[in-house]
Amino acid sequence: MMAPTVSCFLLAALFSAGCNVLASSEQMCTEKEANKTYNCENLGLRKIPDTLPDTTEILEFGFNFLPTIQNTTFNRLINLIFLDLTRCQIKWVHEDTFQSHHQLSTIVLTGNPLIFMAETSLNGPKSLKHLFLIQTGISNLDFIPVHNLEHLESLHLGSNHISSINLPINFPTQNLKVLDFQNNAIYHLTAKDMDSLKQASDLSINFNGNNIKAIEPGAFYSKIFQSLSFGGTLDLPVILRGLQNATIQSLWLGTFEDLDAQYLTPDMLQGLCEMSVESVNLQKYHFSDFSSSTFRCFTHLQELDLTATHLQELPSGIKGMNLLKKLVLNANHFDLLCQINAASFPSLTRLYIKGNMRKLDLGAGCLEKLEHLQELDLSHSDIDTNNCCNMQLKSLSHLQHLNLSFNEPLGLQRQAFKECPRLELLDLAFTRLHVDTPLSPFQNLHLLQVLNLSYCFLDTRNQHLLAGLPDLRHLNLRGNRFERGSIRKANLLQPVGSLETLILSSCDLLSIEQQAFHGLEKLRHVDLSHNNLTGESIEALSHLKGIYLNLAANSIRLIEPHLVPTLSQQDTINLSHNPLECTCSNIHFLTWYKENLQKFEDLEETVCANPPRLRGVQLSAVKLSCGITAVGIFFLTVFLLSFAILFIFLVKFLLRWKYQHI
């Protein structure tokens, strides 16, 4: 008995003493993309850290302290493309600050109390395209240095004290596409203001939050704009009269929640007849004397947004809306879908009735005159029906996108979408489905590519549920449960061999049988996050290569050596928020992990759970020494000597016994 006891003791001492774990220091800034993208926000920094490599291209440095920036501040980071200096308390921007940054295209100075910007402060970048000077205290556009802005495409000046948009004479506008003046103090627009923008074409200007009280007649005459936004204006007729003879693709005239209710009459909208405009947004207005005459100046529109305009129905007898392609009626108060009088808009291709404020009854055939409809959004509208959806979607044979998510329970019969054989996207997320057929309710949707069935409380035992979907590429089954928490070899996924994206997160999964995903050879994205899977479930993916694999927030402790090859053949892996062991029992995986960090995302949250002294330490920062230590060598020597002595005594004993019995 002595030998086994001594052996156990010595082996226990040998291997318990064999693990030395060291954690390396962490970088101060977060690395998002190796050697290129870094986030150093809100770290109380007063200079650029020396740890940032010279190859850095994208730097988020907001909420630090740089009261003055000059040509030495960023001189080492000459490869910068994007620089965010939001709220760094910058007051002074000196000469030639960015003189060596030829590739810099975006500078964000939002929230800095600027006092001075040198004329040459923006020199250097050969193609500076986007400049953000939001909430910097600017009151005059002469403050902005105009040197080296020839390639500028967007200039953001929101939340300042600007009262005039008259740009300096030498301000280059030939490439300007976006001008943001929202929430300033602009009350008047003159012809001179607009003439300063004459070199710009297809310009988008945001005047939201400026209470414009007057526009000089002719200021917008023959001007062409991509979009104009006048949200929150208290005197809408002033705006519409001032825009006479302008050509505008998109005109945003909505109001906001924090303003008193504003009412529109047909006469107030008369100005729309005097301009060329394709899209109009009137969100959150109230309509007085709402009738078919309200729409008399809308006949040339292609898009109309009436979100949250307190509508209970659209008037009958609306004429001349044959050009309208898109109608948005979100967040209104319809009781019945037929109350929108769809026949008044025969050319509609997109219709959105999302977030209806009352329980919406779909009726039967309310949309049958919309034979060209391609997109229909009826989500968040408390819709429920026991027999969805052929009667409700009658004659919508060209429908491609249908959203019925976040509604009340729907009953699906066989071929529930027979009226819409061209569907490519169907979203039923967070809508409890009662499938009243052993066959598939989707079986005639041969062109369907995207199907969202998340949190639909499906009977996942029905292996025919997804039959008849030969072109399905993206399937979301998040939040649905499988019998006994396991995906078995025979399952509802077998008929959809064309899948490229499969989402099975938050399904309370405990295991996946090895053959469960066989037949899904085209998978490129698999999300198994927020389940209770262990490392053994990885084996079910052994036949897949080059995929994005999300295993975050599971119960993975150990990854055995035979599972590492399955991980090694994938492109991107997420193992964050798992109770990973950082002990010698997991040494094979940990070694491979650190050699392949480029394969993993969310490295900051991929941390140790055990042993307790390493809890919360990033796997990439852990070093294990699992060889035989000096103590181990001592005990091994003692063990071998003891064994040798014991063996000699045993041989002598056997020889003596043999000679005594000859």
Ignoring hydrogens and geometry, is there a side-chain-to-backbone donor-acceptor pair from [X] to [Y] under 3.5 Å?
X: Asn403; Y: Asp377; result: no
X: Ser381; Y: Ile383; result: no
X: Asn332; Y: Leu306; result: yes
X: Asn578; Y: Leu551; result: yes

Query raised in the report: Partners of Glu60 by salt bridge (charged side-chain N to carboxylate O under 4.0 Å, His left out), sequence neighbours excluded?
Result: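 Glu60: salt bridge (charged side-chain N to carboxylate O under 4.0 Å, His left out) contacts with Lys32.
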Query raised in the report: Can you list the residues that meet the salt bridge (charged side-chain N to carboxylate O under 4.0 Å, His left out) rule with Lys284, with sequence neighbours excluded?
Result: Glu257
Report task. List the steps and the verdict of salt bridge (Lys or Arg N to Asp or Glu O under 4.0 Å) for Lys359 and Asp361. Result -> CA-CA 7 Å; Lys359 191 180 187 70; Asp361 187 339; over 6 Å; no
When rounded to the nearest 0.5 angstrom, what is the spacing between [atom1] in [X] and [atom2] in [Y]?
X: Leu492; Y: Asn462; atom1: CG; atom2: CG; result: 8.0 Å
X: Leu597; Y: Trp592; atom1: CG; atom2: CH2; result: 9.5 Å
X: Gln443; Y: Leu466; atom1: CD; atom2: CG; result: 12.0 Å

Looking only at non-hydrogen atoms, find the nearest pair between [X] and [Y] and report the distance.
X: Asn390; Y: Phe417; result: OD1-C, 3.5 Å
X: Leu504; Y: Asn531; result: O-ND2, 3.0 Å
X: Phe517; Y: Leu502; result: CE2-CD2, 4.0 Å
X: Leu447; Y: Arg422; result: CD1-CA, 4.0 Å

Query raised in the report: Between Glu419 and Lys394, is a salt bridge (Lys or Arg N to Asp or Glu O under 4.0 Å) present by the stated rule, with each step listed?
Result: CA-CA 6 Å; Glu419 292 286 328; Lys394 185 178 179 182; over 6 Å; no
Query raised in the report: Taking only residues two or more places apart in sequence, or in another chain, which ones meet Ala552 in a side-chain contact (heavy atoms from CB on, under 4.5 Å)?
Result: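 Once residues adjacent in sequence are excluded, the partners of Ala552 under the side-chain contact (heavy atoms from CB on, under 4.5 Å) criterion are Ser529, Asn550, Asn574, Ser576.
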Requested in this report: List in chain and number order the residues that pass side-chain contact (heavy atoms from CB on, under 4.5 Å) with Gln463, two or more places apart in sequence or in another chain; answer none if no residue qualifies.
Outcome: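 If we apply the side-chain contact (heavy atoms from CB on, under 4.5 Å) test to Gln463, skipping adjacent residues, the hits are Ala490.
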Requested in this report: Apply side chain to side chain donor-acceptor pair (under 3.5 Å) to Tyr352 and list each qualifying residue two or more places apart in sequence or on a separate chain.
Outcome: Glu375
Query - Pair listing, disulfide bond (SG atoms under 2.5 Å apart) test, anchored in residues 363-479, at least two apart - result: Cys338-Cys366
Query raised in the report: Does one side chain, of Ser454 or Asn452, offer a donor that lies under 3.5 Å from an acceptor on the other?
Result: yes
